Asks: 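Encoded as structure tokens, here's the structure I'll be asking about.
Heavy atoms only: backbone and side chains are in, while hydrogens, waters and symmetry mates are out. Along the sequence shown, the residues carry numbers beginning at 1. Everything numeric here is computed off the predicted structure, so don't read it as measured data.
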Amino acid sequence: MAIDRESFLKVLEDAYSAYYNIVPDVDAGGLPLVFRADYFSRNEMYFILKQNTIWGNETNEYLYLFSAERFDPDTVNKCMDYAIADMLPRVKPHKEHQYTNAKTVFVADSFDDETIRVIKKRKYSKSYNHSLYGYSTLLTAAVDMGRQKAFTNSAGHDQQKFFKKLFSLRKDSPD
């Protein structure tokens, strides 16, 4: 039994809200942005007292969830450009910064082959101070509700497991 897009968006919001701060009502200049979700993590090791820090590590991620009945390659590129442009001013590189990624997720009733190709081929990477102060990467995913399948670029391949798990959980649950 297929799940409709609106129900799936609620499932995604609930799933992401466990680790991300959901930011609704973001003005995306007419793009079909549902919400932005922010993730921040800091780990550190210290010796006896917290003032004696041995190392620190910060990782950040900004997720942009876009939803529409259908996407065309031009709209997908505009959405990814928006995500990169919105994320870059939020990056604060320093010696303990590992990465800050932009993650774009496109949810549609169906995708044509050209749009999926654009999503799979899109890449973005930026290093700060020759990667001594971390880096930024674009992770993309297209969720086709009709096929119940996710397509990602090479950087976002871990997202396929996440969406596959969500689809299988939905199939297993009684309605």
Side-chain angles (χ1 to χ4, degrees), residues 1-40 59-88 90-91 99-126 135-173 175:
M1 177 177 210
I3 180 173
D4 65 296
R5 187 167 37 97
E6 292 301 318
S7 299
F8 191 70
L9 291 174
K10 282 306 274 178
V11 169
L12 282 177
E13 185 173 355
D14 291 342
Y16 284 124
S17 68
Y19 296 101
Y20 290 73
N21 301 324
I22 305 295
V23 183
D25 304 326
V26 177
D27 179 27
L31 298 173
L33 181 67
V34 178
F35 63 81
R36 186 186 82 223
D38 304 343
Y39 172 81
F40 307 104
T59 59
N60 307 309
E61 197 166 85
Y62 296 96
L63 178 132
Y64 300 87
L65 181 71
F66 298 96
S67 177
E69 194 173 312
R70 295 186 64 79
F71 283 99
D72 59 81
D74 187 46
T75 304
V76 164
N77 276 321
K78 285 179 185 176
C79 291
M80 288 187 277
D81 290 342
Y82 168 80
I84 293 166
D86 188 65
M87 179 228 17
L88 285 176
R90 300 173 195 283
V91 178
Y99 65 81
T100 300
N101 289 338
K103 184 185 284 188
T104 57
V105 178
F106 300 95
V107 180
D109 295 333
S110 66
F111 284 94
D112 61 22
D113 292 337
E114 178 63 22
T115 305
I116 290 173
R117 189 187 67 73
V118 168
I119 290 170
K120 284 181 164 184
K121 295 292 180 188
R122 183 67 185 262
K123 295 177 183 178
Y124 176 83
S125 182
K126 178 177 177 146
Y135 62 91
S136 293
T137 306
L138 175 68
L139 296 83
T140 63
V143 180
D144 191 322
M145 298 305 298
R147 294 184 236 181
Q148 292 201 357
K149 190 170 180 182
F151 304 92
T152 65
N153 69 350
S154 58
H157 70 278
D158 286 342
Q159 295 182 81
Q160 277 185 319
K161 296 176 204 170
F162 173 72
F163 292 117
K164 189 175 186 178
K165 189 174 185 179
L166 282 180
F167 283 132
S168 66
L169 287 174
R170 180 63 184 169
K171 287 178 186 176
D172 294 343
S173 68
D175 287 332

Asks: Please find the pair of heavy atoms, one from L138 and one from A155, that lie closest to each other, and give the distance.
Replies: O-CB, 3.6 Å
Asks: For residues 104-113, please give each side-chain donor-acceptor pair under 3.5 Å, one per line with the distance, not counting sequence neighbours.
Replies:
| residue | atom | partner | partner atom | Å |
| --- | --- | --- | --- | --- |
| D109 | OD1 | R5 | NE | 3.2 |
| S110 | OG | R70 | NH1 | 2.4 |
| D112 | OD1 | T115 | N | 2.8 |
| D112 | OD1 | T115 | OG1 | 2.5 |

Asks: Report the C-alpha distance between Y16 and F162 in whole Å, list the side-chain angles of each, state the deciding distance to 0.1 Å, and finish with yes or no for ring-ring contact (aromatic ring centres under 6.0 Å, His included).
Replies: CA-CA 11 Å; Y16 284 124; F162 173 72; 5.3 Å; yes
Asks: Check this for me: does any side-chain nitrogen of one of D74 and K78 sit under 4.0 Å from a carboxylate oxygen of the other?
Replies: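 Answer for the salt bridge query: yes.
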Asks: Counting only heavy atoms from other residues, nucleotides and ligands, does the tally under 6.0 Å from OH of Y19 exceed 12?
Replies: no
Asks: To the nearest 0.5 Å, what is the distance between CG (L63) and CD (E61)?
Replies: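 Spacing of CG (L63) from CD (E61) equals 7.0 Å.
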Asks: Looking only at heavy atoms, what is the nearest atom pair of T100 and S136, with distance?
Replies: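 Nearest pair, atom of T100 first, then S136: O-OG, 2.8 Å.
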Asks: With heavy-atom distances below 4.5 Å as the criterion, would you say the side chains of D86 and Y64 are in contact?
Replies: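 Yes, close enough: below the 4.5 Å cut-off.
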Asks: Does any non-hydrogen side-chain atom of L166 lie less than 4.5 Å from one of K164?
Replies: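 Counting from C-beta outward, K164 and L166 never come under 4.5 Å.
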Asks: Indicate whether any N or O donor in one side chain lies under 3.5 Å from an N or O acceptor in the other, for Y39 and N21.
Replies: no
Asks: Measuring from atom CE of M80 to atom CD1 of I119, what distance do you get when rounded to the nearest 0.5 angstrom?
Replies: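 The CE atom of M80 sits 6.0 Å away from the CD1 atom of I119.
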Asks: Around atom CG of D25, are there more than 12 heavy atoms from other residues, nucleotides or ligands closer than 6.0 Å?
Replies: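 No.
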Asks: Is it the case that the side chain of N101 and the backbone of K103 share a donor-acceptor pair, with hydrogens and angles ignored and the cut-off at 3.5 Å?
Replies: no
Asks: Atom NZ of K149 and atom CG of D144: how far apart are they, to the nearest 0.5 Å?
Replies: 9.5 Å
Asks: Compare all side-chain heavy atoms of F163 with those of F8 and state whether any distance is below 4.5 angstrom.
Replies: yes
Asks: Is N153 reaching over with its side chain to a backbone N or O of R122, donor-acceptor style, under 3.5 angstrom?
Replies: yes
Asks: Check whether Y62 forms a cation-pi arrangement with R90 (NZ or CZ under 6.0 Å from the six-membered ring centre, at most 45° off the ring normal).
Replies: yes
